[in-house]
Protein chains: 2
Amino acid sequence: MDYQTELNKDIKMRTARLQETVRCLGADACILSTSVNVFYTTGIIYAGYFYLPAEGEALHFVKRPSDVWLPNTVFIRKPEQIAEELQNRGLPLPTKVLLEADALSYNSCNRLIGALNIKETVDASPLLRKQRSVKTDLEISQVRICAERHMAVYGLIPSLYRHGMTDVALQAEIEREMLLHGSSGLFRTYGENMDVYQGSLLAGENAEEPSPFDFALGGKGVSPSLPIGACGAVIGKGQTIMVDLAGNYTPWMTDLSRVYSVGKTSDLALKAHQASIEIHNIARDTARVGTPCADLYNMAVDVTKKHGLEPYFMGTKQQAKFVGHGVGIEINEVPVLMPRSKDLLEENIVFALEPKYVIPGVGPVGIENTYLVTAGGIENLTPIEENIIEL
Amino acid sequence: MDYQTELNKDIKMRTARLQETVRCLGADACILSTSVNVFYTTGIIYAGYFYLPAEGEALHFVKRPSDVWLPNTVFIRKPEQIAEELQNRGLPLPTKVLLEADALSYNSCNRLIGALNIKETVDASPLLRKQRSVKTDLEISQVRICAERHMAVYGLIPSLYRHGMTDVALQAEIEREMLLHGSSGLFRTYGENMDVYQGSLLAGENAEEPSPFDFALGGKGVSPSLPIGACGAVIGKGQTIMVDLAGNYTPWMTDLSRVYSVGKTSDLALKAHQASIEIHNIARDTARVGTPCADLYNMAVDVTKKHGLEPYFMGTKQQAKFVGHGVGIEINEVPVLMPRSKDLLEENIVFALEPKYVIPGVGPVGIENTYLVTAGGIENLTPIEENIIEL
């Protein structure tokens with residue numbers, strides 16, 4: 001079966017599942033307009049509104065591009081035309097509607113509410129995130145292709161490094177290879193102010209810098225308007241370099257971090273790195289369908305405590321409060337592996353596990369892999385060398 | 001005066017001006033939380049809320065990073081703590097508040113409204129965009145630095161090209177140079193679903209592809225989840241290549257497009273390119289403080305019609321309805337040079353003019369420069385070779 005045929009089948013399945021949610025909630029329709037959810041429900045991206053009634057076929061209200069060929073496409077300039085078109089088709093205006101209240105602007109939501117005279121809204125954002133967390137066969141095959149390319153690029157990193165390089169210069173070489181391997185360039189993230197582009201490369205003391213963004217680690221960045229990641233410093237002897245650059249080679253992404261060191265690094269760094277591998281090994285041995293995500297977080301904390309590594313866990317001056325997250329069309333999907341999570345692992349969830357440590361004066365250590373939850377446990381989709389690679 | 005001293009002076013000025021707007025509107029406070037506006041009003045980026053009362057000093061309610069050193073910084077976990085802190089300080093809760101309704105999510109706005117018991121909101125987004133459009137001396141000096149680096153990278157393009165390259169491969173080489181020249185990597189844009197990262201490189205027939213995004217031109221992209229820009233096709237003989245990659249070398253950006261051709265290109269392409277240069281020349285001769293932005297658009301259309309180039313103007317299958325825009329912390333600031341604009345050019349506005357044409361089977365032509373409106377007219381901040389450069 002070719003990609004387009006399989007995609008059409010997938011889209012039908014995804015739409016049917018979403019429609020079931022609409023009906024379960026006693027709503028009349030779901031309207032989506034973020035790039036991520038339009039792509040998820042249609043297979044393409046358009047500016048406009050994906051309109052899914054509780055029963056019947058989806059309508060595509062499209063502003064741009066001019067060449068959308070989906071069935072039931074209606075070209076519009078403004079959301080008020082949705083109401084007109086529904087009336088033209090003899091369809092009722094929806095009263096209770098699922099809207100992306102977590103992602104769409106206050107003005108955009110209010111404009112839709114006014115244009116369609118909506119009486120009650122339900123937040124579609126977490127419902128879509130939940131649905132997207134369990135991947136279809138097609139999505140999993142896309143994740144696998146992405147993982148292959150992601151690993152291939154990381155395999156080149158030792159050959160791209162030259163002594164005396166800055167962190168930015170190394171990142172420039174890796175990003176060049178990423179683009180040549182089919183990277184889309186964009187790291188889609190969920191949440192307001194999650195500014196990042198191709199992921200991050202952190203070396204030495206820069207790894208300690210707190211960042212305004214809710215990623216696992218920070219970094220100073222090269223501009224006060226984007227304080228995250230590489231900062232332009234020369235990478236010194238004994239320092240570690242963590243590469244956590246985007247696996248955006250297909251629309252379904254992978255997340256992968258590996259660590260390199262300039263010559264031999266410190267014993268503490270090596271010890272902390274081994275603790276991260278130990279956490280991954282325990283997860284690979286114990287995680288299965290039904291495992292609480294909170295358990296994985298707590299296990300990571302236990303291993304960290306056993307080795308006395310708490311001061312370095314997930315940062316020093318600022319410590320992230322999660323050790324992993326779902327991965328898909330957005331890099332930070334649900335479930336989140338955090339202490340208060342109520343989520344359980346489900347079959348076909350794809351998630352990243354990233355227990356990391358920052359060693360002052362040395363740099364970041366620890367690994368990140370992307371895993372698929374299978375009927376039998378979890379499968380590592382990114383199986384490449386896990387030890388620190390000396391450059 | 002060093003950057004930080006000048007920045008502090010600038011921030012005071014920007015804040016005072018915004019406070020005047022708050023008072024003029026009879027509001028009690030303005031709350032900002034997008035990266036762009038927090039950066040504009042504080043000089044740094046934090047996750048949290050910039051709280052500016054109608055009178056008195058700004059308060060910074062910060063979630064992350066942990067090391068914010070601004071005066072009046074209060075670390076919080078949730079917006080409800082803003083109300084508590086105001087009460088602790090004996091300050092009244094605001095009744096009428098400016099909120100970023102165009103950029104902040106429906107949920108985030110409603111949460112703020114609930115947390116502070118706000119009775120009336122005013123959309124802060126267009127007010128901030130208007131204020132940001134007129135640049136301060138510091139901002140202009142940042143734009144000038146950015147322009148220098150932007151031009152330096154474009155100067156390298158002929159040396160980066162190799163015959164038989166794909167558009168993506170050429171973009172990879174240019175992006176590598178961008179990062180080495182201090183590019184932040186992120187192209188901040190305004191508006192929902194304006195997905196792009198380092199700008200775009202368009203060659204040959206790909207320039208005709210309509211895109212869902214509201215940029216001047218489209219392109220198929222390399223992924224269905226990011227349908228814009230280069231598509232991986234080999235650049236053929238006689239085709240044109242338009243480079244419109246990000247001028248993000250300081251927080252205040254520049255916009256610059258130049259065209260290259262593989263060998264000699266078609267007469268029609270050369271003619272259309274000259275029309276674009278003619279439009280720039282007329283703008284340079286006639287635009288001044290007080291010129292209506294709509295006049296610049298209409299002038300571009302008139303020149304286009306004079307040369308019979310309407311079918312190619314701003315795209316073929318889908319034609320953008322503007323020929324320029326303000327440039328600053330975001331690449332698409334106000335004013336927009338479009339037919340229905342009511343804006344006039346003001347002193348110290350920085351804007352990009354980009355009359356472009358797409359020639360079927362050949363590629364895109366036309367140039368884009370960034371201009372500063374001065375007391376005497378407009379100054380071209382990006383004065384490099386404007387003719388098509390043969391590769």
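For clarity, every value in this text was computed on a predicted model and none was experimentally measured. Residue numbers begin at 1 in each chain, while the letters A, B, ... track the order of the sequences.
Side-chain contact check for A:Leu226 versus B:Arg188: some heavy-atom pair is nearer than 4.5 Å. You'll find the side chain of B:Phe213 reaches within 4.5 Å of the side chain of A:Ser35, heavy atoms only. Counting only heavy atoms from C-beta outward, the side chains of B:Pro65 and A:Pro212 approach each other to under 4.5 Å. At least one side-chain heavy atom of B:Tyr106 sits less than 4.5 Å from a side-chain heavy atom of A:Ile113. Residues A:Pro224 and B:Pro251 meet the side-chain proximity criterion, which asks for heavy atoms closer than 4.5 Å. Taking the side chain as every heavy atom from C-beta outward, A:Asp67 and B:Glu209 approach each other to under 4.5 Å.
There is no contact between B:Thr166 and chain A, counting heavy-atom distances below 4.5 Å. Heavy atoms of B:Pro227 lying under 4.5 Å from chain A belong exclusively to its side chain. In this structure, the portion of B:Ser223 lying under 4.5 Å from any heavy atom of chain A is its side chain and not its backbone. Interface residue B:Asp123: only side-chain heavy atoms are found under 4.5 Å from chain A.
Taking OG of B:Ser225 as the reference point, atom CG of A:Leu186 lies at 7.5 Å (rounded to 0.5 Å). Distance CD1/A:Ile174 to CG/B:Leu179: 11.0 Å, rounded to 0.5 Å.
Within a 6.0 Å sphere centred on NZ of A:Lys135, heavy atoms belonging to other residues, nucleotides or ligands number more than 12. Within a 6.0 Å sphere centred on CD of B:Gln318, other residues, nucleotides and ligands contribute more than 12 heavy atoms. Within 6.0 Å of CD in A:Gln319 there are more than 12 heavy atoms belonging to other residues, nucleotides or ligands.
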Stepwise salt bridge (Lys or Arg N to Asp or Glu O under 4.0 Å) test for B:Glu175 and A:Arg176: CA-CA 7 Å; B:Glu175 284 198 25; A:Arg176 178 177 167 279; over 6 Å; no

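Here B:Asn107 is the residue among B:Thr121, B:Asp102, B:Asn107 with the most heavy-atom pairs under 4.5 Å with chain A. For the set A:Val222, A:Leu180, A:Val168, A:Leu104, the entry with the most heavy-atom pairs within less than 4.5 Å of chain B is A:Leu104. Ranking A:Glu173, A:Lys317, A:Lys63 against chain B, the residue ahead of the rest is A:Glu173, based on heavy-atom pairs under 4.5 Å.
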